[in-house]
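Everything on this sheet refers to the single structure shown next.
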Amino acid sequence: MEEQEVDRLYALPLDQFTPARDALAARLKTAGDAAESARVKALRKPTAPAWAVNQLARRYPKQIEVLIAASDQLRRAQQELLQGASAGDLWEATLAEREAVGELMKAAEWLLKESGLGSGRGTLDRISDTLYAAAADTTGRTLLRRGLISQEMRRTGFGDLTAPASPSPRVKASSKPSRPAPKAKPSAGPTSKQVLESERASVRATREAERAEAEAERLEKAMRRADDEAVQVRKRADAAARTAADAKSEATAARREATGARREADRAEARLDKLRRSKG
């Protein structure tokens, strides 16, 4: 299968990906290439954030290279800091990476609105995370440069990214990083099989993260339910205490009334005895 065909699929509007992929798989199968047809059929439709990142890579390749260069600069600064260098370089590199992502995010928000896709905070955050993570990872930046990302990637910490490893990607001749970089031997870029394997690894990492998030959400809900139940128990206990206090007050008042009634009865009986004696 020509790699240009895969590139074309990921360049399409998001709602056209699946029918175009299925049509390509059908043509390959008709041509007698069942194995390649199966590989194409297995290509995952990009999520909306991944699709937006792919379009950014295709429309703004120079800005993508600026981001990758800034990411490399940040990793070097991190290593130098561990070796005792000043934190000033790390701060400058961090700001440069943030600025590169910020410029791309402006375009991403416009792309989403232009395509009629949602541009909520959650979607934008996933696009941002994917840009950071893909630029810092070998396989990620290969797919990023070609615009072949199907699942968003996530930053999980200091240099720890949810992306699989692969051979060093090819840097396009038309795009140059902002700082000189060591020359590397050019490669042919990933094949459709490599793209599929990378996608599968990315999907597995995403699913694991989703399961962890689901478990955290379940525990959070359980904690909220426990808090609500505790509040209800406290309310019932307070109500019972108030009821007991009211009952105690009523009992005290009743005892006082009974004591007064007994005294009045005693006085009435004494008056009656006195009256009887006077008549006798």
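Here the structure is a predicted model, which means the values were calculated and not measured.
The shortest distance between side-chain heavy atoms of Leu28 and Glu5 does not fall below 4.5 Å. By the 4.5 Å heavy-atom criterion applied to side chains, Leu56 and Leu131 are counted as neighbours. Taking the side chain as every heavy atom from C-beta outward, Leu43 and Ser150 never approach each other to under 4.5 Å.
Using a cutoff of 4.0 Å between basic side-chain nitrogens and carboxylate oxygens, Glu109 and Lys113 are scored as salt-bridged. For the pair Asp125 and Arg121, the salt-bridge criterion is met [side-chain N within less than 4.0 Å of a carboxylate O]. With respect to the salt-bridge test (charged N to carboxylate O, under 4.0 angstrom), the residues Glu65 and Lys62 do not qualify. We find that Arg76 and Glu97 are not joined by a salt bridge, their nearest charged nitrogen and carboxylate oxygen being 4.0 Å or further apart.
Under the ring pair (Phe, Tyr, Trp, His ring centres under 6.0 Å) criterion, the residue pairs touching residues 13-40 are Tyr10-Phe17, with sequence neighbours excluded.
Side-chain atoms of Thr259 and Arg256 include no donor-acceptor pair closer than 3.5 Å.
A donor-acceptor pair under 3.5 Å is absent between the side-chain atoms of Ser128 and the main chain of Leu124, judged by distance alone.
The residue from Ile64, Leu67, Asp72 that alone fulfils the side-chain contact (heavy atoms from CB on, under 4.5 Å) condition with Arg141 is Asp72.
Distance check: Asp33 CG to Arg27 CZ gives 12.5 Å after rounding to the nearest 0.5 Å.
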